[in-house]
Amino acid sequence: MPSNLLEGLNERQRAAVTLPHESALILAGAGSGKTRVLTTRIAWLIQTGQIGPQSLLAVTFTNKAAREMLTRISAMLPINTRGMWVGTFHGLCNRMLRAHWRDAGLPQTFQILDTQDQASLIKRLLKSLGVDEEKVPPRDLQYFVNGNKEQGLRAGQVEVFDDYGRKLNELYAEYDRQCNREGVVDFAELLLRCDELLGRNELLRRHYQQRFVHILVDEFQDTNRLQYRWLALLAGGGGAVFAVGDDDQSIYAFRGASAQNMAEFERDFAGGRVIKLEQNYRSHANILDAANALIRHNQRRLGKELWTAEGKGEPLRLYEAATDIEEAAFILEEVTGLRSDSVQLSDIALLYRSNAQSRVLEHALFNAGLPYRVYGGLRFFERQEIKHALAYLRLVSNPEDDGALLRVINFPARGIGARTLEQMQESAHMRRISLWQAACTTPLGGKAGAGVSAFVRGIEDLRRACLGLSLPEMVELTIERSGLKAYYETERDGADRIENLNELVTAAASFHAEGGFAAHAEPVGGAQTEADPRLRALEDFLAHAALEAGEHQAGAGADALQLMTVHAAKGLEFHAVFISGLEEGLFPHDNSRNDPESLEEERRLMYVALTRARRRLYLSFAQSRMLHGQTRWGIASRFLEEVPAQLVRRLNRGRAAHPFAPGTARSMGTASAGSYRAPPDSPWRIGQNVIHPKFGPGVIVSAEGRGADARVQVNFRSEGLKWLALEYAKLTPA
DNA sequence: ATTAGTGGTGTTTTT
DNA sequence: CACCACTAAT
């Protein structure tokens, strides 16, 4: 064990680590040793004997960050980290709710809905209430519910301003009732339920307040109102909150996060105790200067400027591609070059704004035979065969779970069709009982009736058989008895799915071996009786599956190029970073165009992207790009202009202000042919960059009519898409 | 009851 | 393009 934890820390870091027992805000810039400070403080608190490992709670946003923290603590201290309250907000709340399910008003076997599950419950609910999906799109309701829960608001507390809001709010209440009937909770509910539990139950609150002497929060800028409230409750008995965050890296406002929590925290908790960590240990100066210059364009900041002791390093490299395909080819070429300079592929990242952009890159990499790994997209526990297997397991644990039942009652096919289900749902709705109870009690004739009772018997038998088994055995038996295995064996391309199902057994085995969620919180105020202790491990595993959707893709370990969204890259660093698709409408995204607040969030996102690079940074954009099945003409992102030109080396076509080369877009011949539809008698063409006296720079994306009727559609940087009559509009070529 | 095919629609980021 | 909800055909 290292004898002196503080060795190698700079003054500010050391000050943060050794703060006395009081709340403080650590404003920690990118690459400033944030995680190190956080984990070292934990180790320091324990090593100096100030507290035991059980007296602290450390909370993060991602499972990855939580794991990282535990690993580092283990490396610094000879203690068993199992049982420590270190985890994500959702994970810790789940843990508390499992321990105090009755006080929280939940069934012991409550299941967790992921985003998909929630969406399907909502659709089901709207249908059963006879609400037209045209009038209330399920997505609206989902946003409404989640948004309000993240603000800590129940349906009874929401302020509504119009009829539609009132309608949504009524449905919010219905939604919660339905969840209660089924014994399921969504992600936000985990937090809200836990918060309400602590707020309402004084005994419990005092218990945890006394227990958690120190509370440490990572990525504090990403907390929402509800999380803030929860932290405030836990710290209410004199606990010290050590909040680490960077307002410039707040990129989850769309999920209800508010960096304003930082300012508020400073006022309410820290009493002005703020330590800024501004020395960056990651990047060369040119990269940092670029990031600093960019982020200065934001108005709402707490104020902080990164510096480094490192040299300038290389300039940033900017490449202007004709098409997305050419952009990918360029990246491929550069990666190959880096590789022959013996840079590890795993130390190179390809970043993009949205997941859809990975396809073109993957295509190029695949053809070139370069190993790569994509983060994002479908995760292990989200695959359909896995969701099916989990649904059976959920029914074993809690047969009242309508969502699970609907998912698998006729999969594999048992001759239970829409008609039968309708009858059952009708009956369940009328009698306010679960579908399972309806299935058990509603007399159904014919083949369907036989199918239903066979299904019911199957689940009951399975449950009984599971009682004597270990977790991995349960999973294996379920896959077998459910008929999933047999089904996929006959399917044409079911081999992968079978493999994934086997992988599920493996996942259960390692979860089992690691002791699952380890120590359950010790019950407070008398033990609570357990429904079926033998299924406890199963419930923990199901929660694990919902909370930690699993690796995005297998194949870790191998040296492979890293492809991910900028969001996914937060917290990571690489020798070389490529940021592609730097076009207006993509990055910054179209949806942020009109809202200054979300534009600032886009800029922070760009800031995060820039600061991922240690040594080399590539920026690129394409004049045309295939998006949603059609060619889109874009113009260079405004963010490129916010990076000082002297830090950037243009790799091609050194044009000055607006790096567009009219006409060249066609030259590669890779953009979809035939979109050249401009009127033949005009100098205007698709892809032509133009300047409008009022709207500024833009690019022609389509055209129609000819002569005096000729109109063109222009994508303007500031105004978006507009149709203009060529006869009147004062357009000039750029 | 199940499947294949069609047409309409909407698309950011994620615990 | 990809996902869906719905329809027509087996």
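A, B, ... follow the sequence lines: proteins, then strands. Residue 1 opens every chain. Values below: every heavy atom of this structure, side chains too, minus hydrogens, waters and symmetry copies.
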(Q) Test of understanding: with side-chain hydrogen bond (donor to acceptor under 3.5 Å, both in side chains), list the residues that count as partners of A:Q357, not counting sequence neighbours. (A) A:S354
Q: Return the value, rounded to whole Å, for the distance between atom CZ of A:F411 and atom P of B:dT2.
A: 11 Å
Q. Partners of A:N355 by side chain to side chain contact (heavy atoms under 4.5 Å, CB included), sequence neighbours excluded?
A. A:Y352, A:T565
Q.
List the residues meeting side chain to side chain contact (heavy atoms under 4.5 Å, CB included) with A:R407, not counting sequence neighbours, and say none if there are none.
A. A:Q384, A:K387, A:H388, A:A391
Q. Among all residues two or more places apart in sequence or in another chain, which pass the side-chain hydrogen bond (donor to acceptor under 3.5 Å, both in side chains) test with A:N261?
A. A:T223, A:R225
Q) Can you pull the salt bridge (charged side-chain N to carboxylate O under 4.0 Å, His left out) pairs that have at least one residue in residues 135-148 of chain A, sequence neighbours excluded? A) none
Q: Starting from C1' on B:dT15, measure out to CG on A:L226 and report it in whole angstrom.
A: 13 Å
(Q) What contact category does A:K123 fall into here, base, sugar-phosphate, or nothing, at under 4.0 angstrom with non-hydrogen atoms? (A) sugar-phosphate
**Q.** Among B:dT15, B:dA1, B:dT2, the one nearest A:N410 by side-chain distance
**A.** B:dT2
Q | Nucleotide interval of DNA chain C bounded by contacts with chain A (heavy-atom cut-off, under 4.0 Å) | A | C:dC1 to C:dA5
**Q.** Between B:dT15 (P) and A:K64 (NZ): distance, integer Å
**A.** 9 Å
(Q) Distance to the ring centre below 6.0 angstrom and angle to the axis at most 45 degrees; does that hold for A:R255 and A:Y252? (A) yes
Q. Taking atom C1' in both C:dA5 and B:dT12, what distance in whole Å separates the two?
A. 25 Å
(Q) Nearest whole Å is fine: how far is B:dG10 P from A:D140 CG? (A) 11 Å
Q. Relative to the ring of A:F587, is the ring of A:F639 parallel (under 30°), tilted (30 to 60°) or perpendicular (over 60°)?
A. perpendicular
Q. What is the distance from CD of A:Q142 to P of B:dT15, rounded to the nearest Å?
A. 15 Å
(Q) Going by the rule side-chain hydrogen bond (donor to acceptor under 3.5 Å, both in side chains), which residues pair with A:S128 if we only count those two or more places apart in sequence or in a different chain? (A) none
So which protein nitrogen or oxygen atoms get under 3.5 Å of nucleotides 12-14 of chain B's nitrogens or oxygens?
| from | atom 1 | to | atom 2 | distance (Å) |
| --- | --- | --- | --- | --- |
| B:dT12 | O4' | A:H589 | NE2 | 3.4 |
| B:dT12 | O2 | A:R353 | NH1 | 2.6 |
| B:dT12 | O2 | A:R353 | NH2 | 2.1 |
| B:dT13 | OP1 | A:N355 | N | 2.7 |
| B:dT13 | OP1 | A:N355 | ND2 | 3.1 |
| B:dT13 | O4' | A:R353 | NH2 | 3.3 |
| B:dT13 | O2 | A:R353 | NH2 | 2.6 |
| B:dT13 | O2 | A:H567 | NE2 | 3.3 |
| B:dT14 | OP1 | A:T565 | OG1 | 3.2 |

Q: Measure from CD on A:E134 to C1' on B:dT9 and round the result to the nearest Å.
A: 10 Å
Q. In whole angstroms, how far is the C1' atom of B:dT11 from the CZ atom of A:R625?
A. 15 Å
(Q) The criterion is side-chain hydrogen bond (donor to acceptor under 3.5 Å, both in side chains); which residues satisfy it with A:H589, sequence neighbours excluded? (A) A:N591
Q: May I ask you to say what A:A413 touches in the nucleic acid, namely base, sugar-phosphate or nothing, with a heavy-atom cut-off under 4.0 Å?
A: sugar-phosphate
Q | Length of the CD1-P vector between A:I416 and B:dA1, whole Å | A | 10 Å
